[in-house]
Amino acid sequence: MHYFSRFISLFVASLFFVSTGCTPGGAGPEQAIADTEINAGPAVNADSLARAQVIADSLAEIENIATADVYYAQCGNQVVSMADILVPIASSLQAQGIPYTRSQEPIDEWRDCSGNFLRLSSYVASRCSDNSDALAAPAGIKDYVPGGNNEAPHNTGPRSSRGLGQWYHDQARFIPIYYDDVADIHVAPQDLIDHRNLIKPGAVLWFSRQKPLSTNGLEDLWVRNDARTHINHMGTVTEVTRDEAGNVVEYKMYHGHGRDGNHASITASHFWDWPAHYTHKNGTRTKFYPPLGFWDQYLVGIGTLLPTEAPPAEV
């Protein structure tokens, strides 16, 4: 459990960034980064340390339950496999042919990557009404109809992948993945080695274009920055493939992705060891991808769509 003592120190470091006036993330592409002058160290009180401990304990519980092949959650007054919840919903969303847009516009149609996550969350909120408070979107989304009224439910909270990452962190359901200990894109950091098997149906994943470092704290993920270490994309895991040792080597996820107009879908080709036909040309390696990344984007956060429960006794 060395990770959790480390997590407390990282959480305290994140309080330092908040205390010095950094602009919170999650406001969208136009979000500016506030210039700050650091003159003194942060004041970390007992309440902050206690909250860090609560989050660490919650994440410890996620890992304790992580021995199952899928996550389980409370849904319809019973404990249900999240694969049984997600796969039909994600398949239905894929069949709707929702055209992706990177701009968040029109903002009330939820068609960018965070919007597609909110769409999925809204369907799950309808399916699991007894656990809807644990989701980032309310029930009520309608199936997408080209040219129709596709207005999403209102009164939602965060509206970007960064804001959703921070929201899940505040819900104690986000584990950051840092890259302090690696230099090459194709080498897995210790954080990812330790937590790769938390990727399973019901997991939510976040990605960035460059490697975030723990020394910069959690704000490095939440706030757009010139180093491009902020969260840039997200998706929801529907299926995983494991090797003989039980380690995750590939996964599928539902997300909005690609060029504007591409349909949101469930995609594969997210590998621990990328096959040669992705990385080699005429027998020579010409391309490198990060382990379990979204193409050249790094996996930087793992969460659970709903609070996890122990599997039913009969499983």
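Keep in mind that the numbers below use all heavy atoms, side chains included, and drop hydrogens, waters and symmetry copies. Here the structure is a predicted model, which means the values were calculated and not measured.
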Using atom types as modelled and distance alone, determine if a side-chain donor or acceptor of Ser92 lies under 3.5 Å from a backbone N or O of Pro88. no
With no hydrogens and no angle check, is any side-chain donor or acceptor of His169 less than 3.5 Å from a backbone partner on Phe174? no
Hydrophobic clusters here meaning ILVMFWY residues chained together by side-chain heavy-atom distances under 4.5 Å, can you tell me if Val87 and Val240 are in one? no
Asp143 versus Tyr123, side-chain donor and acceptor atoms under 3.5 Å: yes
Smallest separation among heavy atoms of Thr304 and Val204, with atom names: C-CG2, 4.2 Å
Residue of the set Thr267, Thr238, Asn116, Thr236 for which side chain to side chain donor-acceptor pair (under 3.5 Å) holds with Tyr254: Asn116
I'd like to know if the side chain of Arg173 and the backbone of Ala134 have a donor-acceptor N/O pair within less than 3.5 Å. yes
Looking only at heavy atoms, which two atoms of Pro307 and Ala73 are closest? And how far apart? O-CB, 3.7 Å
Contact between Ile302 and Leu205 at the side-chain level, heavy atoms closer than 4.5 Å - yes or no? yes
Treating Ser122 as the side-chain partner and Leu118 as the backbone partner, does any N or O pair qualify as donor plus acceptor under 3.5 Å? no
Below 4.5 Å, heavy atoms only, C-beta onward: do Gln74 and Cys128 meet side chain to side chain? no
Tell me, do Val249 and Arg196 make a side-chain contact under 4.5 Å, heavy atoms counted? yes
Write down the atom of Leu221, the atom of Pro176, and the distance for their closest heavy-atom approach. CD1-CB, 4.1 Å
Decide whether Trp272 and Val182 are clustered together by the hydrophobic rule: side chain heavy atoms of Ile, Leu, Val, Met, Phe, Trp, Tyr closer than 4.5 Å, transitively. yes
Using the side-chain hydrogen bond (donor to acceptor under 3.5 Å, both in side chains) criterion, which residues pair with Gln94? Sequence neighbours excluded. none
Measuring from Glu239:CD to Lys200:NZ, what's the distance to the nearest 0.5 Å? 14.5 Å
Could you tell me if the side chain of Asp69 sits less than 4.5 Å from the side chain of Arg242, heavy atoms only? yes
Rounded distance (nearest 0.5 Å) linking atom CD of Gln78 with atom CD of Glu309: 12.0 Å
Does any part of the side chain of Tyr100, heavy atoms only, come nearer than 4.5 Å to the side chain of Ser265, both counted from C-beta? no
Side-chain (Tyr168) to main-chain (Leu305) donor-acceptor, under 3.5 angstrom: yes
Do Tyr289 and Tyr278 have ring centroids that are under 6.0 Å from one another? no
Whether Asp191 side chain and Tyr179 backbone form a donor-acceptor pair below 3.5 Å: no
Ser269 to Phe271 - nearest heavy-atom pair and separation: CA-CE1, 3.4 Å
Roughly how far, to the nearest 0.5 Å, is the CD atom of Glu151 from the CH2 atom of Trp110? 10.5 Å
I'd like to know if the side chain of Asp181 and the backbone of Gln190 have a donor-acceptor N/O pair within less than 3.5 Å. yes
Can you check whether Ser161 reaches Phe117 side chain to side chain, under 4.5 Å on heavy atoms? no
Asn149 vs Lys142, side chain to side chain contact (heavy atoms under 4.5 Å, CB included): CA-CA, chis, key distance, verdict: CA-CA 9 Å; Asn149 177 10; Lys142 297 177 291 186; 3.8 Å; yes
Under 3.5 Å, is there a donor-acceptor pair between the side chain of Asn225 and the main chain of Val223? yes
Determine, step by step, whether Thr229 and Leu213 satisfy the side chain to side chain contact (heavy atoms under 4.5 Å, CB included) criterion, reporting the C-alpha distance in whole Å, the side-chain angles of both residues, the deciding distance to 0.1 Å, and the verdict. CA-CA 8 Å; Thr229 56; Leu213 306 178; over 6 Å; no
For Ala188 and Ile193 the tightest heavy-atom approach is O-CD1, 3.9 Å
Please determine which of Arg209, His255, His257 meets the side chain to side chain donor-acceptor pair (under 3.5 Å) test together with His233. His255
Start with the C-alpha gap between Leu164 and Ile231, add the side-chain angles, then the distance that decides, and say whether side chain to side chain contact (heavy atoms under 4.5 Å, CB included) holds. CA-CA 10 Å; Leu164 285 161; Ile231 288 171; over 6 Å; no
Using the ring of each side chain (for Trp, its six-membered ring), is His270 parallel, tilted or perpendicular to Tyr251, with breaks at 30° and 60°? parallel
Answer yes or no: is there a donor N or O on one side and an acceptor on the other, between the side chain of Tyr298 and the main chain of Ile185, under 3.5 Å? no
Can you tell which of Arg162, Arg159, Arg119 makes a side chain to side chain donor-acceptor pair (under 3.5 Å) with Ser114? Arg159
Are any of the side-chain heavy atoms of Ile141 and Pro153 separated by less than 4.5 Å? yes
Would Trp222 and Trp206 count as a close aromatic pair, with their ring centres under 6.0 Å? no
Considering residues at least two apart in sequence or located in another chain, which fulfil the side-chain contact (heavy atoms from CB on, under 4.5 Å) criterion with Ala268? Glu250, Lys252
Separation between CD1 of Ile199 and CG of Leu192, rounded to the nearest 0.5 Å: 6.5 Å
Short side-chain to backbone donor-acceptor contact, Asp112 and Thr101, under 3.5 Å: no
In the structure I gave you, are the side-chain heavy atoms of Ser91 and Ile266 within less than 4.5 Å of one another anywhere? yes
Do you know which two heavy atoms are closest between Leu292 and Leu299, and how far apart they sit? O-CB, 3.8 Å
